[in-house]
Amino acid sequence: MPNPYTIIDAINQVVETVGEFPTTTQPSASNDTTSIYARAEQFLDRARYQVLSLGWPENTEMSRPFVAASSRISMTGILSIQAAGPDQYRNLVIRKDGTGPAVYDANTRGFVSTGTVYLDAVLLLNWDDLPLKLADVVVSKAKLLFQRRIQNGQLPDQQLQQEYIQSEMAVDRNEAKESMLPPNTRQNMPPQASGGQQQQGG
C-alpha cells in the first residue's frame, strides 16, 4: 500500500510523543528551522536515511546496470551497493569524488571511470514514495529518538520502543541470496574400505 501519511501527518505523530499540539504547516516549506515541528521533521529525515539504508524489497534493485558517464559512475540517490552479476567478484563501494558520490573499486584503489558495472543497489526513497509499512518504521523510529532527546521519559521510551519493534517486525525482508560458490566445491573424503581384517584363529 502506498504511503497514506503526508509529511505533516508524520510530524504530528512525532511531536505528540512530547505533548505538543498538531501543526498544519510543513516547517521546511515555510523556512522554519527552529520550532519543535522543524526538529521533528529533521528527526524524520534522519530516521528515513537510517531505515532505508538497511535495504528492503521496496528500495533494493538487484543486478542493476550502471553506465559510466563523464569518467565516473554517479551514485546520487543510492545509499549502498554490492557488486552483482558479472561483477560480483569485485569489491565496489560508494565514495565521494570531486563531483559527488561515485563507484569506487577498493581492490584497484580507484574510481570506476569506464564501462558498465552491475550492482545490487539500495535506493533513497522520498517520503511520498515510501510504502505504508516502511513509513510506519520510519515514524516509529523518529518518535522513539525524538522523545529521548526532548523529554527522555522512561515509561514513554519503553512504550515507543515496543511500537518500533512491532512495526519493524511487520516489514518484509529481502530474500537471502543463494551461494555464489560453483557446484561440487567440497572436497570429499576418500571412500573407506568396508569391513576389517579378519583375525586368524590358532
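The model shown is predicted, which means the values in this text are computed figures rather than measured ones.
- The two residues Ile94 and Ile78 come nearest to each other via the heavy atoms CD1-O, 3.7 Å.
- The nearest pair of heavy atoms linking Phe43 to Ala142 is O-CB, 3.8 Å.
- A 4.5 Å side-chain heavy-atom check between Asn12 and Thr23 finds at least one atom pair inside the cut-off.
- At a threshold of 4.5 Å between non-hydrogen side-chain atoms, the residues Gln161 and Ile165 count as touching.
- With sequence neighbours left out, the salt bridge (charged side-chain N to carboxylate O under 4.0 Å, His left out) criterion links Glu16 to no other residue.
- In this structure, the salt bridge (charged side-chain N to carboxylate O under 4.0 Å, His left out) partners of Arg148, at least two apart in sequence or on a different chain, are Asp157.
- Counting heavy atoms from C-beta outward, Asp120 and Ile81 have side chains that stay 4.5 Å or more apart.
- Remark: Arg39 engages no residue in a salt bridge (charged side-chain N to carboxylate O under 4.0 Å, His left out) (not counting sequence neighbours).
- Applying the side-chain contact (heavy atoms from CB on, under 4.5 Å) criterion to Thr33, with sequence neighbours excluded, gives no partner residue.
- Of the inter-residue distances, the one linking Glu163 atom CD with Gln13 atom CD reads 9.5 Å to the nearest 0.5 angstrom.
- With sequence neighbours excluded, the residues satisfying salt bridge (charged side-chain N to carboxylate O under 4.0 Å, His left out) with Asp45 are Arg48.
- The line from CD of Glu168 to CG of Leu134 is 9.5 Å long, rounded to the nearest 0.5 Å.
- Remark: Thr17 engages Lys143, Phe146, Gln147, Leu160 in a side-chain contact (heavy atoms from CB on, under 4.5 Å) (not counting sequence neighbours).
- Atom OG of Ser167 and atom NZ of Lys141 lie 10.0 Å apart (nearest 0.5 Å).
- In this structure, the side chains of Val171 and Asp136 stay at 4.5 Å or more apart for every pair of heavy atoms.
- Val67 shares a hydrophobic cluster with no other residue; no ILVMFWY side chain has heavy atoms under 4.5 Å from its own.
- Partners of Asn91 under the side chain to side chain donor-acceptor pair (under 3.5 Å) rule, at least two apart in sequence or in another chain, do not exist in this structure.
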Next on the checklist: Go through it in stages, so that I can follow the logic: the residues are Val139 and Leu44, the test is side-chain contact (heavy atoms from CB on, under 4.5 Å), and I'd like the CA-CA distance, side-chain angles, deciding distance and then a yes or no.
Outcome noted: CA-CA 7 Å; Val139 171; Leu44 281 165; 4.2 Å; yes
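- Legend: residues meeting ring-ring contact (aromatic ring centres under 6.0 Å, His included) with Tyr118, ordered by chain and number and at least two apart, are absent.
- Between Trp127 and Val138, the closest side-chain pair of non-hydrogen atoms falls below 4.5 Å.
- Atoms CD1 and CG, on Ile7 and Asp128 in that order, are 8.0 Å from each other to the nearest 0.5 Å.
- Considering only heavy atoms from C-beta on, Phe66 stays 4.5 Å or farther from Val112 through its side chain.
- For residues 62-73, the set of pairs meeting the side chain to side chain donor-acceptor pair (under 3.5 Å) definition, not counting sequence neighbours, comprises Glu61-Arg64, Arg72-Asp97.
- Membership of the apolar cluster around Tyr104 extends to Val93, Phe111, as traced through chained side-chain contacts below 4.5 Å between ILVMFWY residues.
- Considering only heavy atoms from C-beta on, Leu119 comes within 4.5 Å of Val103 through its side chain.
- Checked by atom type and distance alone, the side chain of Asp87 never pairs as donor or acceptor with a backbone atom of Arg90 at under 3.5 Å.
- In this structure, the side chains of Gln162 and Gln158 stay at 4.5 Å or more apart for every pair of heavy atoms.
- Between Pro57 and Asp172 the shortest heavy-atom distance is CD-O, 3.3 Å.
- At least one donor-acceptor pair closer than 3.5 Å links the side chain of Asp32 to the backbone N or O of Thr34.
- Here the closest non-hydrogen pair linking Asp9 and Pro4 is OD2-O, 4.2 Å.
- The side chain to side chain donor-acceptor pair (under 3.5 Å) analysis of residues 49-60, with sequence neighbours excluded, yields the pairs Thr60-Asn174.
- When all heavy atoms are compared, the tightest approach of Leu125 to Leu52 is N-CD1, 3.4 Å.
- Contact detail for Val15 and Ala40: the closest heavy-atom pair is CG1-CB, 3.6 Å.
- Heavy atoms from other residues, nucleotides or ligands lying under 6.0 Å from CZ of Arg173 number more than 12.
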